[in-house]
2 protein chains.
Amino acid sequence: MAGKVLIADDVATNRIVLKVKLGAACYRPLLAADGASCLALARAEVPDLILLDLMLPDMSGIEVLHRLRSDPLTHEIPVVIVSTSKDPEVRLQALDAGADDYLAKPMDDPVLMARLRSLLRLKDGTGEIAVRGAALRALGLAEDGEGFDGPGTIALVASRAETAMRWRKDLQPLMADRLVFLTREEALDETAPLADIFLVEGDLGGPGGGLRLMSELRSRAGTRHAAVCIVRGELQGEAAAMAFDLGANDLLGTEFDPREARIRLRNLMLRKRRADRQRATLQNGLRLAVVDPLTGLYNRRYAGAHLAAVAERTQTTGGRFAVMVIDLDRFKTVNDRWGHGAGDAVLVDVARRLHANLRPGDLLARIGGEEFLVALPDVHRPEEAQAIAERLRQAIEEKPVPLPAGGTLGVTVSIGLAFSGKGDPRRLEPVAEVINRADSALLMAKSGGRNQVTIGQSAAA
Amino acid sequence: MAGKVLIADDVATNRIVLKVKLGAACYRPLLAADGASCLALARAEVPDLILLDLMLPDMSGIEVLHRLRSDPLTHEIPVVIVSTSKDPEVRLQALDAGADDYLAKPMDDPVLMARLRSLLRLKDGTGEIAVRGAALRALGLAEDGEGFDGPGTIALVASRAETAMRWRKDLQPLMADRLVFLTREEALDETAPLADIFLVEGDLGGPGGGLRLMSELRSRAGTRHAAVCIVRGELQGEAAAMAFDLGANDLLGTEFDPREARIRLRNLMLRKRRADRQRATLQNGLRLAVVDPLTGLYNRRYAGAHLAAVAERTQTTGGRFAVMVIDLDRFKTVNDRWGHGAGDAVLVDVARRLHANLRPGDLLARIGGEEFLVALPDVHRPEEAQAIAERLRQAIEEKPVPLPAGGTLGVTVSIGLAFSGKGDPRRLEPVAEVINRADSALLMAKSGGRNQVTIGQSAAA
């Protein structure tokens with residue numbers, strides 16, 4: 001679990017100095033003396049972070065970076081370039097190739113360490129919920145697709161309007177993203193345009209004001225996942241390091257080179273969107289766990305939990321709820337005679353019609369091959385539920401289902417309806433008993449000739 | 001999305017002062033002048049946080065707190081008690097009733113604001129993946145069950161051994177949790193005992209050293225979700241506020257009252273475990289989305305994604321993979337004649353036997369009612385895959401399945417086997433084509449008399 005950090009540098013003393021520093025900070029250092037072994041180690045060990053020198057004997061650091069970024073196994077590993085070169089062009093080239101940062105040697109230790117902490121902390125944007133590989137893919141959202149997103153929004157937050165205007169003047173010609181001016185108050189206003197990135201003056205409205213704004217942004221649901229880039233005079237030393245520890249995703253100097261700022265902001269945007277996609281994948285995966293893929297209705301798993309919650313709520317209000325079990329009549333013959341394609345079309349169409357004839361708070365779930373469950377919370381009069389059941393039955397009977405291969409097929413449903421016992425605060429009737437009564441009523445509807453609604457025994461109570 | 005903060009105070013000027021402060025910080029303040037309206041607003045608005053005065057006209061703040069904590073709708077809302085009382089017993093009582101903090105009036109603004117930010121940020125321990133109510137329940141882990149966890153582990157990290165020993169001497173008699181001494185290095189060591197809470201001296205090894213350790217802990221996967229309580233001399237002012245912004249869950253003074261420390265640590269433990277459970281629920285929910293509930297095998301959704309990944313990997317290595325589609329022979333008669341219970345028992349037993357006869361890297365999934373899919377990556381010789389298929393077929397045939405109602409039932413499977421085209425780097429054969437070949441082979445196995453393995457057309461290639 002400890003951070004594995006791969007150090008790639010051709011000079012043995014450099015490797016050793018970094019190894020000692022990282023070891024003291026309790027990271028697990030891995031060492032590579034050339035590009036080929038760096039790539040091999042990166043694939044074999046998948047380190048949490050790579051510190052990459054630009055001058056390697058067999059290939060340039062930029063080349064290594066390109067190869068890391070094009071390999072699915074390594075393309076998300078954060079890479080920090082460490083280099084003696086002060087040439088701004090080299091710096092731009094490294095950032096443009098996807099480096100997460102570029103630190104010039106000799107490095108400032110507090111900033112280096114805070115940078116590592118920051119990258120390691122932010123590496124996983126989904127709160128450590130682990131979904132990898134095929135599972136991620138199965139949960140429905142592609143891992144790739146970077147770059148075809150439209151322009152994003154970058155909020156510029158500075159003490160003086162002239163500062164923000166200079167930022168925009170410098171940056172807007174270089175990028176398609178929307179650059180909007182926000183005051184501190186507007187940045188925290190829930191109705192303000194949602195920004196992907198906040199570019200914030202570190203001393204906004206006073207020393208450290210930008211850092212406090214960042215902490216505020218991190219505590220609000222709407223802005224928690226935005227990237228924050230702090231603009232400050234000094235990029236070295238304890239105070240700069242503190243900005244990373246407080247949650248900054250990147251730092252820029254007050255007199256930043258617009259070309260470098262453009263690349264850094266683009267990298268932040270890409271990473272922010274990747275994290276957004278990962279969260280969306282998780283959210284979608286959780287949805288898939290409670291939904292029937294064919295009809296899009298809730299599945300049996302969800303129905304059980306929902307009914308339990310309905311029963312508990314009914315208990316506290318002293319009311320009652322109703323449950324229907326709905327079964328398609330003679331569905332087996334549909335499948336046998338017309339094929340599974342026709343059977344699926346019938347299920348989808350029936351689901352749609354049932355849904356259209358229920359109220360917003362009602363639950364509709366597919367709990368078996370041709371079996372649906374409906375829960376009606378807060379039933380005031382049994383006749384009300386009975387009328388809904390009858391409406392559902394008619395909605396299926398009234399017109400035939402169009403089949404994918406052409407033609408139509410008339411189908412009907414049988415419905416068993418049952419009511420919970422009157423809410424008695426001292427006794428919570430098990431939900432299973434109500435479902436059992438609905439099931440028995442369904443059997444009676446079937447044996448009574450199908451295409452009818454039958455009410456479970458204790459409904460008269 | 002902006003933080004809704006409910007202020008409950010019977011003195012109008014107090015409410016107004018807080019309202020102005022919170023408004024300036026861009027929170028949305030809600031006001032209540034007594035306990036009943038506080039409870040009603042809490043239920044109606046479910047605010048993100050409650051600032052609760054202890055002296056209310058109709059009931060005590062403690063009573064309000066108890067009621068908030070016993071209502072499922074409000075029991076997770078963070079509550080900060082604000083009070084003029086300096087009586088340590090009142091303070092203990094409030095914390096013991098589940099207050100997240102107790103701030104004595106007049107309040108220190110930087111700490112109040114940082115405390116709010118911290119509680120709002122930490123409120124959701126699952127990276128904002130929203131699962132609520134029935135869905136959470138459906139995904140398999142109870143929301144309740146607090147308190148029946150065994151003792152936890154609290155790591156004591158101080159500069160001098162005597163300090164940590166004093167902490168333990170004071171605290172151990174009051175709690176069942178394990179109190180262990182760790183140095184900074186041990187706290188970051190992946191092999192050290194996993195702590196639920198780190199109690200850390202703020203100036204560990206030098207000014208702010210404990211805060212840096214906290215940032216390190218937050219950046220490591222193994223300790224990211226631990227609670228951190230910082231021990232420092234001064235609990236007011238900008239520096240104390242900074243500790244919250246850097247991620248502290250709570251602060252204690254260097255001369256802390258052991259009884260108060262015990263309650264604060266217990267509260268941290270409860271909250272940490274609740275967040276652990278929420279993460280586990282999400283993880284479990286994602287598992288459910290890719291698993292067949294009856295057999296525990298992967299489902300069709302996962303199988304498709306997994307096969308796509310196998311195909312891509314095979315492409316880069318230039319090898320080939322094999323796919324089997326396995327169908328239970330005459331399964332419909334099992335269900336019809338012996339009932340669904342018997343059918344399910346057969347499916348579970350067959351799944352178990354298939355699984356036992358595959359290699360660790362092979363995929364086994366249930367892709368339909370009585371249909372399974374096997375993917376064999378890296379097939380070097382077709383005979384190898386054929387031998388595995390034959391082994392599977394025999395494993396099912398060789399002994400009958402015990403039925404739940406007693407007795408046994410002999411079952412057999414038919415298997416269609418197909419191979420991917422030889423990996424041609426210029427052409428990625430669609431996975432669907434390989435599956436189609438396996439499907440056709442399965443049909444031949446069925447029409448050839450069942451209980452046999454048939455190989456798809458292009459296998460000879």
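Letters A, B, ... mirror the listed sequences (proteins, then strands); counts begin at 1.
Between A:Glu216 and B:Cys26 there is no side-chain heavy-atom pair separated by less than 4.5 Å. Looking at heavy atoms from C-beta onward, B:Leu282 lies out of side-chain contact with A:Leu282 at the 4.5 angstrom threshold.
Checked for salt-bridge contact, B:Lys332 and A:Asp336 meet the test: a charged N lies under 4.0 Å from a carboxylate O. The residues A:Asp48 and B:Arg220 are annotated as not salt-bridged, no charged nitrogen and carboxylate oxygen being separated by less than 4.0 angstrom.
Residue A:Tyr298 qualifies as open at atom OH: its count of foreign heavy atoms under 6.0 Å is 12 or below.
Contact count versus chain B (heavy atoms, under 4.5 Å) is highest, among A:Gly304, A:Ala289, A:Gly247, A:Ser219, for A:Ser219. Between chain B and the options A:Ser215, A:Ala114, A:Gly369, A:Ala25, heavy-atom pairs under 4.5 Å are most frequent for A:Ser215. Interface check for chain A: of the options B:Met242, B:Glu238, B:Arg287, the most heavy-atom pairs under 4.5 Å are formed by B:Met242. The most heavy-atom pairs under 4.5 Å with chain B, out of A:Arg300, A:Met113, A:Arg218, come from A:Arg218.
Considering all non-hydrogen atoms of both residues, A:Arg224 and B:Leu120 come closest at NH2-O, 3.2 Å.
With a 4.5 angstrom heavy-atom cutoff, A:Ala24 touches chain B only via backbone atoms.
In this structure, B:Asp245 CG and A:Asp245 CG are separated by 12.0 Å, a value rounded to the nearest 0.5 Å.
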